[in-house]
> 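Pasting a structure here, questions to come.
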2 protein chains.
Amino acid sequence: MRADGEIERTAVRSGPCARWPAEQGETIRQIVDRAGDKWTVLVIGTLQHGPLRYTDLQHAVTGISQRMLTHTLRQLQRDGLVTRTAYPEVPPRVEYALTDLGTTLLDAVTALVDWAGTHHDEIQDHRARYDSETTAR
Amino acid sequence: MRADGEIERTAVRSGPCARWPAEQGETIRQIVDRAGDKWTVLVIGTLQHGPLRYTDLQHAVTGISQRMLTHTLRQLQRDGLVTRTAYPEVPPRVEYALTDLGTTLLDAVTALVDWAGTHHDEIQDHRARYDSETTAR
DNA sequence: CTGAATCCTTTTCGATACTG
DNA sequence: CAGTATCGAAAAGGATTCAG
């Protein structure tokens, strides 16, 4: 391989992985990151059953803070994954719903969750063995 | 943090998404988080072409630090997604390779990356519109 | 070469308080 | 009801140094 005493320090910021996502690299990474985000997954997972209003979402997604719910919804809205509909009523009412695009993302994410569920035991087993090998002895 | 000693545990049973993470919840979330992790995705993506040694990985995954490469590899190894093979040679040589389990995860993640690639333009469009609507002020 | 350990900066996120 | 604004704790992550 490299026997020529020359070290390529280039390391240009051509993107973390030149041979994989390649093309639109940066944006792809952002999207994948978002798809793997805890709150994103839980929010769109909750919305799959139909539109919900802000407070209902907050109650359904146990443990989420107002700050994170708002932030997550803004991101999803910006990417066109959910819609925000405000009704000009006396007690304010705002409903969030998955878009078609959001639904397709949900499918992909669900596949990942299913994978996790399928191999849950196997992974737990590996972890237990790894931990016992490194901790004990 | 809370002095009242009551910390919300993932008691999802009462929410509308009872059919989702629910059961093994905690572990599932960890696994999905890992699958969405930037470095995890890049590392297993790089390993799909075959085993690589530490330094080669570091060069292939442009921008990763030693600290993160080591950390990521340990996690993957612990979960049984990659194997670590050390050869007792004078210049130490260590090779990392995807396991069968790791390959199946790669498939799921690749699906996600493909989704991102497919809808890249659409998302960019949504973002641009959203940003212009909020910037206009 | 393959890491482990340390330091230190950046980012993330929960808690809290306030508004239309 | 549906948020926004701010603060501090905590985690993530990069750079650097040392070791087997």
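Just so it is clear, the model here is predicted, and its values are computed rather than measured. Basis for what follows: all heavy atoms, side chains included, without hydrogens, waters or symmetry-related copies. Letters go in sequence order (proteins before strands), and every chain restarts at 1.
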> Apply side-chain contact (heavy atoms from CB on, under 4.5 Å) to Thr99(A) and list each qualifying residue two or more places apart in sequence or on a separate chain.
Thr83(A), Leu101(A)
> Starting at CG of Asp56(B) and ending at P of dC1(C), how long is that distance when rounded to a whole Å?
10 Å
> Among residues 79-91 of chain A, which contact DNA chain D at a heavy-atom distance under 4.0 Å?
Arg84(A)
> Can you tell me how far C1' of dC1(D) sits from CD of Glu95(A), to the nearest Å?
13 Å
> Nearest to the side chain of Arg74(A), which nucleotide is it out of dA2(D), dC1(C), dT4(D)?
dT4(D)
> Does Arg53(B) have a side-chain nitrogen or oxygen under 4.0 Å from the phosphate oxygens OP1 or OP2 of dC1(C)?
no
> Of the options dT4(D), dT2(C), dA4(C), whose atoms approach the side-chain atoms of Thr70(A) most closely?
dT4(D)
> Looking at residues at least two apart in the chain, or sitting in another chain, which of them share a side-chain contact (heavy atoms from CB on, under 4.5 Å) with Thr118(A)?
none
> Give the rounded distance in Å between these two atoms: CG of Leu69(A) and C1' of dT16(C).
17 Å
> Can you find a side chain N or O atom of Tyr96(A) that sits less than 4.0 Å from OP1 or OP2 on dG3(D)?
yes
> Between Asp125(A) and Arg129(A), does at least one N-O distance fall below 4.0 Å, as a salt bridge requires?
yes
> Nearest to the Val94(A) side chain among dG3(C), dC1(D), dG3(D), which nucleotide is it?
dG3(D)
> Rounded to whole Å, how long is the line connecting atom CG of Leu57(B) with atom P of dG3(C)?
10 Å
> Quick one: side chain to side chain donor-acceptor pair (under 3.5 Å) partners of Arg53(A), sequence neighbours excluded?
none
> Can you measure Gln66(B) atom CD to dC7(C) atom C1' for me and round it to whole angstrom units?
16 Å
> Please name all residues satisfying salt bridge (charged side-chain N to carboxylate O under 4.0 Å, His left out) with Arg84(A), sequence neighbours left out, ordered by chain then number.
none
> Does some side-chain heavy atom of Leu47(A) sit less than 4.5 Å from a side-chain heavy atom of Leu57(A)?
yes
> dG3(C) C1' sits how many Å from Gln58(B) CD, rounded?
10 Å
> With sequence neighbours excluded, tell me which residues meet side chain to side chain donor-acceptor pair (under 3.5 Å) with Gln58(B).
none
> Going by the rule side chain to side chain donor-acceptor pair (under 3.5 Å), which residues pair with Glu122(B) if we only count those two or more places apart in sequence or in a different chain?
His119(B)
> Could you work out how much the helix from dC1(C)-dG20(D) to dG20(C)-dC1(D) bends, comparing the axis of its first five pairs with that of its last five, to 10°?
40°
> Could you list the residues that satisfy side-chain contact (heavy atoms from CB on, under 4.5 Å) with Asp33(B), not counting sequence neighbours?
Lys38(A), Arg29(B)
> So which protein N/O to nucleotides 11-15 of chain D N/O distances come out below 3.5 Å?
| from | atom 1 | to | atom 2 | distance (Å) |
| --- | --- | --- | --- | --- |
| dG13(D) | N7 | Arg67(B) | NH1 | 3.1 |
| dG13(D) | N7 | Arg67(B) | NH2 | 3.3 |
| dG14(D) | OP2 | Ser65(B) | OG | 3.2 |
| dG14(D) | O6 | Arg67(B) | NE | 2.9 |

> Listing request: all salt bridge (Lys or Arg N to Asp or Glu O under 4.0 Å) pairs with a residue in residues 95-108 of chain A, at least two apart in sequence or in separate chains.
Arg93(A)-Glu95(A)
> Looking at residues at least two apart in the chain, or sitting in another chain, which of them share a side-chain contact (heavy atoms from CB on, under 4.5 Å) with Arg67(B)?
Ser65(B)
